[in-house]
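Below: the structure, in structure tokens.
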Amino acid sequence: MKHAALAVLLAAVLAAPLAAQPSPGWSTIAVPATGSYFLFYVPQGADLAQPTPVVLFFHGAGWNPASYRAVIGAAADKAGCAVAMPKSSDYGWGTEADARTVAETLSLVRQKLPVDDRRIAVAGHSAGGAYAYLLAYAGSQYSAVFTMAASYYPVSKLADPAYTPPIHMYYGTKDPNYTGGAYANLKAQWSRLGVPWEEDVQEGYGHTNWPGTSVTNGFLFLAGESRPGASSVCTPTATNLCLNRGRFRVEVAWDANGTSGSGKVVPGASANSGAFWFFAPANWDVMVRVTNGCASDQHFRVSTAGASTVHYVVKVTDTATGKVKQYENPAGQAAVAAIDSHTFACP
């Protein structure tokens with residue numbers, strides 16, 4: 001990989017006036033600046049009047065975009081993402097021409113439909129998967145990464161201190177990149193750098209085959225991740241709990257015997273869960289967890305549980321959409337654990 005070429009991608013061209021809305025399905029679009037092209041997919045049922053999430057998918061070395069059409073189209077329909085699959089200039093990826101092709105591809109996509117700038121994700125197979133994560137961690141444009149049977153390349157540091165795109169990695173157990181150390185090296189690398197990662201390892205599959213469900217789950221993962229906007233960041237305070245990389249703000253209000261107050265956050269919350277106390281720091285009263293269920297039901301899951309009989313209200317705000325849901329426990333009633341998997345949809 002030629003890391004210097006990645007810098008070309010950090011300043012994608014801003015949106016040009018939109019042409020007529022494209023029809024759902026595949027089309028081939030030329031990239032005159034480099035003599036290349038990309039396959040462009042518009043998902044079925046997409047509301048193109050709204051900003052659309054986009055996935056840039058990079059083919060494996062020696063392959064071409066058409067090799068992935070069937071499985072990628074089905075996954076894009078499920079996730080509601082537009083997909084652009086550019087053709088590399090050579091056998092693999094990493095030249096300056098490739099960097100320009102990718103930048104031009106995104107520019108041309110912007111001319112076709114309104115792009116959700118907070119949800120521009122990258123994905124790829126084999127060498128294309130490696131190119132995807134090298135792009136994601138060399139700049140500050142992309143929201144998430146999905147790799148399939150990716151090879152290993154070292155990443156020494158993350159270019160963007162404000163946001164780290166999470167990565168979802170697929171491997172088959174017969175893939176040389178799984179058995180030969182690439183998978184293990186990548187996991188160690190992401191853990192060292194603080195990159196949120198998750199895995200999908202499927203028994204019996206090799207380097208060039210995969211179950212369709214794994215591709216779909218990878219695209220649902222991408223659709224469920226977004227870069228924070230200027231006003232969509234939860235700020236942790238003594239009474240604000242920020243979960244799921246700061247997307248969800250959780251607050252608790254209580255009242256008992258004529259007094260009232262705000263729940264205080266118990267120090268040491270994890271990325272997805274935390275607790276509040278009402279009367280004494282050592283006595284935890286409410287626990288809340290928000291997890292990403294986009295791969296299974298396209299919603300975030302909010303779980304609440306309590307160890308109190310006072311009246312309290314848990315308020316959860318999705319800072320990305322502004323949606324709010326409150327979960328109430330009546331006075332005198334032992335709190336009941338509950339799971340809400342329907343309110344907060346993956347964007």
Side-chain angles (χ1 to χ4, degrees), residues 5-59 65 68-69 72-73 75-77 79-89 93 96-124 128 131-132 134-136 138-146 159-160 162-163 165 219 222-232 320-321 346-347:
L6 303 182
V8 177
L9 299 171
L10 302 183
V13 180
L14 295 178
L18 294 178
Q21 290 186 346
S23 300
W26 289 102
S27 60
T28 302
I29 299 176
V31 181
T34 60
S36 188
Y37 69 91
F38 65 94
L39 296 188
F40 182 48
Y41 187 75
V42 176
Q44 302 292 328
D47 181 4
L48 300 184
Q50 301 297 320
T52 304
V54 172
V55 175
L56 298 173
F57 185 93
F58 307 120
H59 61 78
Y68 305 85
R69 278 180 50 144
I72 295 300
D77 284 338
C81 298
V83 181
M85 298 198 295
K87 175 67 175 66
S88 68
S89 61
W93 293 92
E96 291 185 9
D98 290 335
R100 189 173 182 189
T101 293
V102 174
E104 291 289 328
T105 293
L106 187 54
S107 175
L108 292 167
V109 168
R110 292 183 185 280
Q111 296 178 32
K112 298 293 182 181
L113 49 74
V115 172
D116 185 344
D117 287 320
R118 292 172 52 214
R119 289 190 291 160
I120 302 174
V122 285
Y131 193 60
L134 290 173
L135 291 183
S140 57
Q141 179 173 2
Y142 300 110
S143 55
V145 189
F146 167 43
D160 184 1
Y163 177 79
F219 270 71
L222 297 178
E225 301 293 339
S226 62
R227 297 183 68 90
S231 61
S232 65
T321 65
C346 298

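Along the sequence shown, residues carry numbers from 1. Computation of the quantities below employed the complete heavy-atom set of this structure, encompassing side-chain atoms and omitting hydrogens, waters and symmetry-equivalent molecules.
Sorted by first and then second residue, the side chain to side chain donor-acceptor pair (under 3.5 Å) pairs involving residues 27-39 (not counting sequence neighbours) are Thr34-Thr101.
When every heavy atom of Gly25 is checked against every heavy atom of Gln44, the shortest pair comes out as N-NE2, 4.1 Å. Shortest non-hydrogen contact noted between Trp26 and Met85 is CH2-CE, 3.4 Å. Of all non-hydrogen atoms in Leu108 and Ala30, the two that sit nearest each other are CD1-O, 3.5 Å. Closest heavy-atom contact between Ser23 and Val42: O-CB, 3.7 Å. In terms of heavy-atom proximity, Gly124 sits nearest to Ala132 at N-CB, 4.3 Å. Of all heavy-atom pairs between Ala320 and Arg118, the closest is CB-NH2, 3.4 Å.
Side chain of Tyr163 to main chain of Ser143: a donor-acceptor pair is present (N/O by atom type, distance under 3.5 Å, no hydrogens or angles). Side-chain N or O atoms of Arg227 include one that pairs as donor or acceptor with a backbone N or O of Tyr142 at under 3.5 Å.
Considering CG of Leu106 and CD1 of Ile120, their distance stands at 5.0 Å, rounded to 0.5 Å.
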Item to complete: Assess whether side chain to side chain contact (heavy atoms under 4.5 Å, CB included) is satisfied between Lys87 and His59, documenting all intermediate values.
Response: CA-CA 7 Å; Lys87 175 67 175 66; His59 61 78; 3.7 Å; yes

Fill in: Intermediate values then yes/no, side chain to side chain contact (heavy atoms under 4.5 Å, CB included), Asp77 and Tyr41
CA-CA 9 Å; Asp77 284 338; Tyr41 187 75; 2.8 Å; yes

Worksheet item: Can Phe40 and Leu113 be said to form a side chain to side chain contact (heavy atoms under 4.5 Å, CB included), step by step?
Response: CA-CA 11 Å; Phe40 182 48; Leu113 49 74; 3.7 Å; yes

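For Tyr68, the ring pair (Phe, Tyr, Trp, His ring centres under 6.0 Å) partners are Phe57, Trp63, His125, not counting sequence neighbours. Residues satisfying the side chain to side chain donor-acceptor pair (under 3.5 Å) test with Thr52, not counting sequence neighbours, are none. For Asp117, the salt bridge (charged side-chain N to carboxylate O under 4.0 Å, His left out) partners are Arg110, not counting sequence neighbours. Phe38 meets the ring pair (Phe, Tyr, Trp, His ring centres under 6.0 Å) test with no other residue; sequence neighbours excluded. Among residues two or more places apart in sequence or in another chain, the ring pair (Phe, Tyr, Trp, His ring centres under 6.0 Å) test is passed with Phe146 by His168.
Ring pair Phe58/Tyr131 is perpendicular by interplanar angle, where above 60° counts as perpendicular and below 30° as parallel.
Within the 4.5 Å cutoff, side-chain heavy atoms of Trp93 are placed close to those of Pro86.
With hydrogens and angles left out, the side-chain atoms of Ser89 and Asp98 include a donor and acceptor closer than 3.5 Å.
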